[in-house]
Amino acid sequence: MRGVVQSLAAVGRKLLTRKYTAGYPEVKPELPARYRARIVLTRDPDGQERCVACNLCAVACPVDCIDVVKAETEDGRWYPETFRINFARCIFCGYCEEACPTQAIQLTPDFETADYERSSLVYDKDDLLIAGEGKQAGYTYWAVAGKAIAGKDKGEAQGEAPPTDLRDLCP
Amino acid sequence: MSKVRLTIDGIAREVEAGQDLLSASLGLGVEVPHFCWHAALGSVGACRLCAVRIHDGPDDDEGRIEMACMTPVAEGQRVELADPEAAEMRARVIEWLMVNHPHDCAVCEEGGACHLQDMTVATGHHRRRFRFEKRTHRNQDLGPLLTHEMNRCIACYRCTRFYRGYAGGRDLDVFGAHDRAYFGRYEDGPLESPFAGNLAEVCPTGVFNDKGWSEHYARKWDMAATPAICTQCSVGCNLFAAERGGRVRRVQNRYHGAINGHFICDRGRFGALHVAEARLDHPRIGGAPADAETTRAAVQEALAKGAVGIGSPRASLETNAALRRLVGAERFFAGVGEAEARAVGRMAGWLAKGRGASLKQMEAADAVLVLGEDLTGTAPRAALALRQTARGAADALAAEKGVPAWLDNAARVAGEGRRPPVALVTPMTDALDDVATWALRRPPEEVAAFGQAVAAALRGEAAEEAAREVAEALKAAERPLVIAGFGTGRGDAVEAAGAVAEALGEHARLALFPPEANSLGLALAGAEGLEGAVAALEHGRAGTAVIAEVDLVERADPRLVERLFAAAETVIALDSAETRTTARADIVLPVADWSEAAGTLVNHEGRAQRSFAAVSGGRPAGWRVLAGLMAVRPGWDTLDAMLDALARDLPQLAPAKETAPGAAFRLPLGQVARAPWRMSGRTAQDLAGRVPEGTPPADDDAALAFSMEGAQGADAPPALRTSYGVPGWHSASAAPFLTDGPDGPMAGDDPGVSVLPGFTAPAPLAEHAPRGAGLAPLPLHEPFSGDELGRRAQRLAQRCPAPVIALHPDDAAEIGLADGQRVAVDGGEAVPLTLDPAVPKGHVAATAGRLLPRGGGHRAIVEAAE
Ligand code: SF4
Ligand code: SF4
Ligand code: SF4
Ligand code: SF4
Ligand code: FES
C-alpha cells in the first residue's frame with residue numbers, strides 16, 4: 001500500500017515539472033554542428049574533390065561499411081572512382097572522420113536517414129558529395145602533401161624548397 | 001654451428017654464433033627497428049636505426065650504444081633494446097629521416113605496408129618539429145613496370161645494393177652529393193634488369209612501386225592473398241597473389257628458403273597478371289559459341305572415335321592425370337616434341353639419383369660448369385642464384401681474414417673480388433658472362449661434346465685444353481655444380497652434364513632446368529612426345545586429339561603440328577586463353593588459369609608444390625572439365641579426391657598429395673584466412689543498390705577461406721601461409737621473423753615434397769641432331785618473355801623485346817637475304833632479319849616459342865616473306 005502511494009506521488013510530482021518532449025517531426029530539433037549523423041564528402045576551397053581515396057576511413061570503420069576504389073587522373077591526383085557507404089550498417093561512430101587526412105569525410109547533424117528499403121540506404125559518391133567545405137574551411141591536403149599534381153609542381157607544396165640539381169657538388 | 005648465450009632485455013637467449021645481433025634478434029622475434037639491413041643483403045650500418053645498448057658482460061655496467069646490425073653476437077653479451085638512451089637515439093634517427101619526407105602517405109601506394117611507416121610508428125615519432133624547408137627531387141619515368149617517387153627516400157641504399165651488388169644491374173645508381181643523394185637512372189627509361197621488380201619490395205619506402213598495381217590499386221589490408229606458384233619457368237618460385245573484387249591486383253614474392261628466398265624475377269611478378277588478356281570464357285564448336293549441353297554431346301561423339309590426349313608442361317599434375325585417365329595411359333602424350341619429352345625424362349632420371357641442387361644449394365657451390373643454358377632467359381631466378389655463387393670465393397677469402405659475409409661492405413673489400421671458377425659454355429653471348437671465368441662460345445651441337453670432353457679429362461683421358469682447365473677447376477672444388485637444360489633445343493647437354501657429375505664423384509651436384517613449370521611432372525607421368533600422338537592419329541588408332549592447356553606451335557616442329565591437325569578428325573582444345581592451337585581447334589573448352597584453381601606443379605628439383613585459387617568462382621580447373629567429359633563420371637569432386645586418383649594411376653606421383661594439407665585441414669581458429677583482419681568495405685563492397693547477405697564463397701580444394709575468418713600468418717603451415725602476419729610489420733621486411741636465420745628455411749620447413757625417388761629414366765635419344773634440311777635451330781630465350789600466356793600480360797609485354805630472326809652474315813649471303821629484309825622461319829611470323837656474326841654458322845637464331853619452337857628437333861627454313 002505504502003509503495004503504491006509513493007509511486008503515485010513520484011508520478012504526480014512530474015506533472016509539475018517542465019516538459020522536455022519535443023514535437024518531432026513537426027518541430028525539428030536544434031543539433032550542434034558536431035552531431036554525428038549522415039555522412040558527406042566535402043570539397044577543397046577551390047571546389048575540387050577533397051577525397052584522395054586513401055582508404056583510411058574505410059579501414060577505420062568498425063562495421064566495414066565504407067567501400068572506396070582508388071583511381072588516378074593524368075596529372076597524378078588520386079580520387080575515388082567508387083565511394084560507397086552502406087548506411088544500413090553505419091553506426092555513426094565518426095571514426096572515418098577522425099581518420100581522414102584530407103577532411104573530406106564529415107558527419108553532419110542530419111539524422112533522418114530512415115527508409116523502408118534497405119537497399120536505398122546504400123549511398124554512392126553522387127549521393128555523398130556536397131558542394132562546400134563543411135566544418136573544415138580552408139584546408140587543402142594537396143597544398144601540404146609533396147606529391148606533384150597539375151598546378152603544384154615538385155617544390156611548390158608548403159615548406160618545400162625547389163627541386164635539387166643533381167649535378168651540383170656544393171655542400 | 002656453435003651457440004652463444006646472451007641476454008636481450010633481461011631474457012636469457014641462446015643463438016647461433018657468427019651472426020650479427022640484428023639477425024639473431026629478429027630470428028628470436030625481438031623487434032629491433034632497422035632500415036638498411038636486409039636479410040639477403042647483409043649489414044652496412046648506414047641508417048643508424050638499429051641502435052641498442054650493449055654490455056660486454058656482467059661487469060660492464062655502463063655499456064655503449066651500438067648498431068645491432070654491425071655487432072657480432074658474443075658470449076655473455078647483455079643487450080638492451082628498451083634502454084632509454086637507445087630508444088631516444090632511434091626516435092631521433094627517424095625524425096632526421098623524416099625531415100624531408102613529403103608527408104603523402106594518403107596518396108602513396110606503399111601506405112599500409114610501408115616499412116618506413118612501421119618504423120616511424122614503432123619509434124613514436126608523430127609530430128614534425130623541423131621548421132625549415134624540405135629538400136625536393138624530381139622523379140623519373142622508369143618504364144611500364146615501376147613507379148618512382150624519390151622524395152620518399154630515406155637513403156638506406158638497399159635499392160642500389162640489391163640492383164647492382166646482388167642482381168648485377170648497371171643502370172640504377174646513386175647520384176648527387178650531401179643530402180641530395182638521388183637513387184635512379186642516368187636518364188628516364190625502363191630499368192634494364194629482369195629483377196628490377198624486386199625494388200618494390202626491397203625499398204622500405206614508397207620510392208619504387210608496382211605500376212600496374214597502382215593502376216588497379218587496393219591497400220594491402222584490402223587484398224586477400226593466396227599462396228601460389230609461378231608458372232613462367234621451371235624454378236617454381238613461391239608467390240603471394242593479392243586479390244580484391246575478383247581481380248588479381250599484385251603478385252609478390254613469398255619467401256621460400258630453398259627456391260626464391262626474398263626475390264623473384266619480373267617475368268614471374270608481372271607475367272602472372274596475364275589473366276585478364278584474351279580470356280576464353282565460353283565453349284566453342286567450329287568457331288561458334290555453344291552451350292554446355294551441345295558441347296558435351298559433341299565431345300562425347302568425338303571421343304567415341306577414339307582419342308589421344310596431349311598433356312601440357314604448363315598444366316597441373318591433376319589436369320595431366322585427368323587427361324591420362326580420359327584417354328588411357330597408352331594414348332597419353334606430351335604436347336612437346338619427343339626430343340624434349342625424352343630430355344626432361346632423362347633430367348628426372350639424373351635428379352632421382354639424389355644429386356639435384358636447389359637454388360639455395362647452387363649458391364653454395366664453389367665451381368660451376370654451365371652447359372648450353374642461357375639461364376637468364378630460361379630460368380631467370382636461377383641466374384640470380386648463380387650471381388650469388390659467384391660471390392662465394394670472395395666471401396670465403398673474407399672469412400679467412402676474419403670478416404663475416406654479413407658485414408657486406410667489409411666482406412666485399414676483404415674478398416678482393418675473388419671469383420670461384422665459373423665456366424659458361426653457351427652458343428651466344430650470355431647475360432652472365434660478367435661473372436664467368438671462362439665465357440666459352442660453342443654452337444649448340446658442340447656444347448655436349450665440350451661437356452663430354454670435361455668428363456673425359458676428369459677421368460684422366462685426353463681432352464682439349466679448355467676442357468682440361470675447366471675439369472681441373474671442378475676437380476679442385478669441394479662443391480662442384482653442373483648446370484644444363486633444354487634451352488638449345490637439344491637433350492645431349494643433359495647427358496654431358498650427368499657424365500661430368502659422375503666423373504666428379506658423389507659430391508658433385510646437378511642443376512637441370514626443364515623448359516616449363518610442370519615439364520618435370522609431365523615427364524614423371526610418363527608422357528612421350530607428340531610424335532607418338534601423331535602416329536596414332538595417322539594410323540587410325542584414334543580419330544580425336546584432346547589438347548589440354550598447351551599451344552603446340554610454341555613447342556613442337558610446325559610440320560608435326562600440321563600433320564596432327566590433318567590427321568585428327570576432331571581437335572578438342574582446353575585452355576584459359578586463346579592460343580594458336582585453340583584458334584584452330586574444332587571444339588574449345590574454357591578452363592581455369594593459374595589464378596582460378598588449385599593445382600600441383602613439379603619444379604626443376606622434382607619438388608611438387610601446390611598453388612591455390614586466388615579468386616573464387618572462376619572457370620573450372622582443367623581436371624574438373626575433363627572429369628565432366630568422361631562417360632562414367634569419376635568420383636573426383638575435390639582436389640583431394642583427384643589426388644587420390646592420381647596416386648592410384650601414377651604411384652610415382654603419390655607424394656604430391658603431401659605437398660600441402662588437404663581441404664579438411666583445420667587449425668584451432670579453423671581454416672587459414674586469405675583476407676587480413678582489417679579488410680575494409682565488407683558490407684558495402686561492390687553493392688550498387690544492394691545490401692549484402694549470405695556467406696563468403698567456399699573453397700572445396702583448400703583449407704583456405706575466402707574471407708578473414710580463420711588463422712593468419714605464422715599460425716598457418718608454411719604451404720598455406722597467406723601472409724607473414726607479424727603485428728606492426730606490414731611490409732616484406734617481416735619475412736625474417738618467419739625464417740630460421742635470415743636466409744634459412746621457413747620456420748616449420750620450406751613447403752614442397754620430392755616426387756623423384758624411385759624414378760627410372762627412359763633411355764636417351766640415340767640421335768640429338770635436328771632432322772631434315774635447312775639451318776639448325778637456335779632458340780633465343782629472353783628473360784621478360786615467358787610462355788604464350790605470360791607474354792600477354794600488358795605491362796610486361798611492353799618490356800618484351802620484338803621477336804628476332806638472326807643469321808650469320810655468311811649464311812644470309814648464301815641464302816640471298818639482306819640485313820633488315822623481312823623473313824620468316826618455316827612460314828611463320830615475318831620479322832626484319834638481323835645479321836649477327838655471333839650466330840654460329842649454319843644456324844638460325846630466333847625468338848623461342850614465338851618464331852621458333854623451342855624443341856622442334858627439326859631444321860628450319862628461313863625465307864624472305866612476301
Ligand atoms: S579517409 Fe578521407 S581522403 Fe581517405 S578515402 Fe576516406 S574520405 Fe577519402
Ligand atoms: S613511403 Fe611510407 S611513410 Fe612515406 S609516404 Fe609512402 S607510406 Fe607514407
Ligand atoms: S630508394 Fe628506397 S631502397 Fe633506395 S635508398 Fe631510397 S629508401 Fe632506400
Ligand atoms: S619465371 Fe621462373 S624464375 Fe621467374 S619468378 Fe617465375 S618461377 Fe621464378
Ligand atoms: S639496420 Fe643497422 S644501421 Fe641500418
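Naming convention: chains lettered A, B, ... in sequence-line order (proteins, then strands); numbering from 1 in each chain. The shown structure was predicted, so the numbers you read here are calculated from the model rather than taken from an experiment. Computed over heavy atoms, backbone and side chain alike; hydrogens, waters and symmetry mates excluded.
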(request) For A:Y79, look at atom OH and say whether over 12 heavy atoms of other residues, nucleotides or ligands are found less than 6.0 Å away. (result)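 Yes.
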
(request) Verify the neighbour count for atom CZ of A:R34: are there more than 12 heavy atoms of other residues, nucleotides or ligands below 6.0 Å? (result)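 Open: at most 12 neighbouring heavy atoms sit under 6.0 Å from CZ of A:R34.
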
(message) Restricting to non-hydrogen atoms, name the atom on A:C170 and the atom on B:R180 that form the minimum distance, rounded to 0.1 Å.
(response)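 For A:C170 and B:R180, the tightest heavy-atom pair comes out as O-NH2, 2.8 Å.
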
(request) Measure distances from B:D222 to the heavy atoms of chain A and classify the residue's part below 4.5 Å as side chain, backbone, both or neither. (result)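 Interface part for B:D222: side chain.
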
(request) Give, as side chain, backbone, both or neither, the part of B:R131 having an atom under 4.5 angstrom from any heavy atom of chain A. (result)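 Interface part for B:R131: neither.
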
(message) Which one wins on heavy-atom pair count under 4.5 Å against chain B: A:D153, A:I85, A:D165?
(response)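 The answer is A:D153.
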
[X] versus chain B, heavy atoms under 4.5 Å apart: side chain, backbone, both or neither?
{"X": "A:C61", "answer": "backbone"}
{"X": "A:R77", "answer": "neither"}
{"X": "A:V59", "answer": "both"}
{"X": "A:E72", "answer": "side chain"}
{"X": "A:A157", "answer": "neither"}
{"X": "A:T82", "answer": "neither"}
{"X": "A:V63", "answer": "backbone"}
{"X": "A:Y123", "answer": "neither"}

(request) Using a cut-off of under 4.5 Å on heavy-atom pairs, state which of B:R152, B:H101, B:E109 scores highest against chain A. (result)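 If we count pairs closer than 4.5 Å to chain A, B:E109 comes out on top.
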
(request) Give the member of B:C105, B:S214, B:G112, B:G176 that has the highest number of heavy-atom pairs under 4.5 Å with chain A. (result)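 Result: the option with the highest number of such pairs is B:S214.
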
Check whether the side chains of [X] and [Y] place a donor and an acceptor atom closer than 3.5 Å, and report yes or no.
{"X": "B:Y163", "Y": "B:D171", "answer": "yes"}
{"X": "B:K220", "Y": "B:S731", "answer": "no"}
{"X": "A:T73", "Y": "A:D75", "answer": "yes"}

(request) Answer yes or no: is there an ion pair linking A:K135 with A:E97, defined by an N-O contact shorter than 4.0 Å? (result)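 Looking at A:K135 and A:E97, the cut-off is met.
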
Do the ring planes of [X] and [Y] sit parallel (below 30°), tilted (30 to 60°) or perpendicular (above 60°)?
{"X": "B:Y217", "Y": "B:W213", "result": "tilted"}
{"X": "A:F111", "Y": "A:Y24", "result": "tilted"}
{"X": "B:Y724", "Y": "B:F240", "result": "perpendicular"}

(request) Can you check whether anything in residues 44-54 of chain A gets within less than 4.5 Å of chain B, heavy-atom wise, and list it by number? (result)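 Expected list: A:V52, A:C54.
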
Please set out all donor-acceptor pairs under 3.5 angstrom arising from side-chain atoms of residues 144-151 of chain B, sequence neighbours excluded.
from: B:T147; atom 1: OG1; to: B:N209; atom 2: N; distance (Å): 2.9
from: B:T147; atom 1: OG1; to: B:N209; atom 2: O; distance (Å): 3.2
from: B:H148; atom 1: ND1; to: B:Q140; atom 2: N; distance (Å): 3.0
from: B:H148; atom 1: NE2; to: B:F183; atom 2: O; distance (Å): 2.9
from: B:E149; atom 1: OE1; to: A:K154; atom 2: NZ; distance (Å): 3.3
from: B:E149; atom 1: OE1; to: B:N139; atom 2: ND2; distance (Å): 3.3
from: B:E149; atom 1: OE2; to: A:K154; atom 2: NZ; distance (Å): 3.2
from: B:E149; atom 1: OE2; to: B:N139; atom 2: ND2; distance (Å): 3.4
from: B:E149; atom 1: OE2; to: B:N151; atom 2: ND2; distance (Å): 3.0
from: B:N151; atom 1: OD1; to: B:H137; atom 2: N; distance (Å): 2.7
from: B:N151; atom 1: ND2; to: B:H137; atom 2: O; distance (Å): 3.0

(message) Name the residue from A:N86, A:D64, A:D67 that meets the side chain to side chain contact (heavy atoms under 4.5 Å, CB included) definition with B:R682.
(response)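 Answer after filtering A:N86, A:D64, A:D67: A:D64.
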
